[in-house]
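As structure tokens, the structure follows; a few thoughts come after it.
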2 protein chains.
Amino acid sequence: MPRKPKERASRAATLHDVAAQVGVSAITVSRALNTPERVSEAVRERILAAVDALGYVPNRSARTLVSSRSQTVVVLIPSLSNTVFIDTLAGINDVLDPHHYQILIGNTGYDDAREERLLRTYLSHAPDGILLTGLRQSDGMRTWLDKLHIPVVHMMGLDPQAQRYCVGFSQQAAGAALTQHLLQRGYRNVAFFGARLDERVMQRAAGYRQALQEAGIYREDLEWLTPEHSGIGLGASMIAKALQQRPEIDAVFCCNDDLALGVLTYCQRNGIAVPQRLAVAGFNDLDGAAWATPTLTTIRTPRYDIGHAAASMLLDLMSGNTPAEPMQDLSFTLQAREST
Amino acid sequence: MPRKPKERASRAATLHDVAAQVGVSAITVSRALNTPERVSEAVRERILAAVDALGYVPNRSARTLVSSRSQTVVVLIPSLSNTVFIDTLAGINDVLDPHHYQILIGNTGYDDAREERLLRTYLSHAPDGILLTGLRQSDGMRTWLDKLHIPVVHMMGLDPQAQRYCVGFSQQAAGAALTQHLLQRGYRNVAFFGARLDERVMQRAAGYRQALQEAGIYREDLEWLTPEHSGIGLGASMIAKALQQRPEIDAVFCCNDDLALGVLTYCQRNGIAVPQRLAVAGFNDLDGAAWATPTLTTIRTPRYDIGHAAASMLLDLMSGNTPAEPMQDLSFTLQAREST
DNA sequence: TTGTACGCGTTATCAA
DNA sequence: TTGATAACGCGTACAA
């Protein structure tokens, strides 16, 4: 049955509206917009004029429905207020934007249940690909993902079994490297401050333990772990408590720079000499680390590159290719500064 | 003609697949998921089991297409690495999430052309509502928006003509208030540091000028404006240059806290006494302001509340209601601390 | 409570 | 270069 145009109050213009105005068929308008070279220049110009005049905007839902390609990538990250993931997003965007992929950002809030809920919701957009943070997704998520045959790349960490596509670096190796640096500098009572205790923090803690155990001086009672959200204030209160409970500590490995900046502030306000009385190290090398007083020793993480490489790998997978290397280790750099 | 199911390799499960498995019609499955109370419990349970077994995920495109409601809201912000907008997003999310609206985040990068491009792209999702940052959208954007009859709420600033829906506070009044605070403290040669020079920064500058002009001591040559991106490093280099060019300045109004923290760092490293030799003030009251040495005087901005209120207003508009108050002034607070 | 018929706006396919 | 036709997967309207 031929289409009979409905007389609704004022709906958005469609391809048919543009086609009617120009006096061509809808498919010609579609081609004028998507494959302009396949439409004569005269017609094309009249079509583009009509598109402007009517304020026509293509309807992505219709396109997705019929072409079964959404040109959409879902990215799940734990937090929007953490520079690390924003930098990663920038890398992702720089790769996908030129290819006209839309990015749907999901903020999991470091919450596994929420991550699973978000994923299910976002799957309804029929994304062409998915980028996930970390590798500790629940079995439920794995099941959904396996059924849908949508390419997935994991960011930040590495898969010990190398069974999934992933781009990142060894958080544990980085934790060990930073701890060894402290040991080399002569510190013996090295504390570890961990907040939020997500996958990556716990891997850094594992690296810390490993290095101290190898040196034969690991002590469980020099670890302060809290599920609280990280922040400068938290770092300040943690060092206050730690110095009271274990005054012998002479160095602190903070699981991120925010905590470390809090420790530095506390030391400055309380006349604790850094790095003489206490060495302080952070993780990530945020903007503030190089500007702190004293400047902060930390681990520089390749987060922009991780986003960039993960998106590139995903692009490859979405084109039906198999990446040569399913696991990319982008490594890290020890940034030694005044605080140690 | 009745639908004939295609035999494709392995597509995602559809309502029909679930229906076939259970032995009911597709519409019954649809009802079981959307209005469960209208389906008998026995059938519903079998349907839910089949949904799980098949890994069925509803197709949003199809739903949007047929119902002409996308349950989607587009939010355009200038930057993801600025805490201000992340906090705003949190407020938006807390309102829209419970109503099952999806948020599409567009990052304009403080670029008007990019904002317009992004908007056009995102309009293809047929959003039910739009949240924009600021009020300086191009004429092109206004035209598109007017044609589509999609509710729009502007965030952060206020419309002088009160012709558009907006939630924010007067950036100019805040700039004036902070400047008056410096004058009250006895500072006379008050400099202004502006970076990136977006709409809001220029309004703060206008407030700064207004206050100094009212005091009869405005000097054009104490303004340092740069289109560069803001940052701690930039603040440090700006104060270095300013002190060299105009050694008489005794206070600095930085257009945001990042610049101000850079100024503080520079002063600390160069033995410049704050606030005795130089007063320093920022804008926004970020986490670091209260932890700086000395603590930083700044303007606390209600950014979470702005997001919350803007989303609430949009929700109202999307339901077809007309908000009682089209313009909400959420005001600001002067946070006086040690640096002044 | 359940089902049938139809169309949402677009593109793939095939034909002219 | 252009067009006719048929889907894509779902919800609305109506019927049983």
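Predicted model only: the values in this text are computed from it and were never measured. Residue numbering restarts at 1 for every chain, and letters A, B, ... go by the order of the sequence lines. Excluded from the calculations below are hydrogen atoms, water molecules and symmetry mates; all remaining heavy atoms, backbone and side chain alike, are included.
Contact annotation: side chain of B:Arg69 to base of D:dG11, donor-acceptor pair absent below 3.5 Å.
Separating the CD atom in A:Gln102 from the CD atom in A:Gln71 is a distance of 9.0 Å, to the nearest 0.5 Å.
Within the structure, a side-chain polar atom (N or O) of A:Ser25 is placed less than 4.0 Å from OP1 or OP2 of D:dG3. Dashed line: the shortest gap from a side-chain N or O of B:Ser68 to OP1 or OP2 of C:dC8 is not under 4.0 Å. Distances shorter than 4.0 Å separate some side-chain N or O of B:Thr28 from OP1 or OP2 on C:dG3.
Comparing B:Arg60 and B:Arg31 along DNA chain D, the residue whose closest nucleotide (by nearest heavy atom) sits nearer the 5' end is B:Arg60. The residue among B:Val24 and A:Ser61 whose nearest nucleotide of DNA chain C is located toward the 5' end is B:Val24. Comparing B:Ser67 and B:Val39 against DNA chain C, the residue whose closest nucleotide sits nearer the 5' end is B:Val39.
The distance from atom NE2 of B:His125 to atom C1' of C:dG9 is 15 Å, rounded to the nearest whole Å. Between the NE2 atom of A:His16 and the P atom of C:dT10 there is a distance of 8 Å, given to the nearest Å. Between B:Asn34 atom CG and D:dC10 atom C1' the separation is 10 Å, expressed in whole Å. Taking atom CZ of B:Arg44 as the reference point, atom C1' of C:dT2 lies 15 Å away to the nearest angstrom. Between the CZ atom of B:Arg38 and the C1' atom of C:dT1 there is a distance of 9 Å, rounded to whole Å. Atom P of nucleotide D:dC10 and atom CG of B:Leu33 are separated by 10 Å, given to the nearest angstrom. With rounding to whole Å, B:Gln71 atom CD is found 17 Å from D:dC10 atom P. Here D:dA6 presents its C1' atom at 12 Å from CD1 of A:Ile27, a figure rounded to the nearest Å.
When the nucleotides D:dC10, C:dG9, C:dT11 are ranked by their closest atom to the side chain of A:Thr14, C:dG9 comes out on top.
Both tests hold for B:Arg196 against B:Tyr110: distance to the six-membered ring centre under 6.0 Å, angle to the ring axis within 45°.
With B:Tyr304 as the fixed residue, the side chain to side chain donor-acceptor pair (under 3.5 Å) test singles out one of B:Asp87, B:Thr88, B:Asp94: B:Asp94.
Among the protein residues, B:Leu15 comes within range of the sugar-phosphate backbone only, with heavy atoms under 4.0 Å from sugar or phosphate atoms but none that close to a base.
Side chain to side chain, B:Glu116 and B:Ser138 meet the donor-acceptor criterion of an N or O pair below 3.5 Å.
Between the side chain of A:Ser68 and the main chain of A:Thr64, no donor-acceptor pair closer than 3.5 Å is present.
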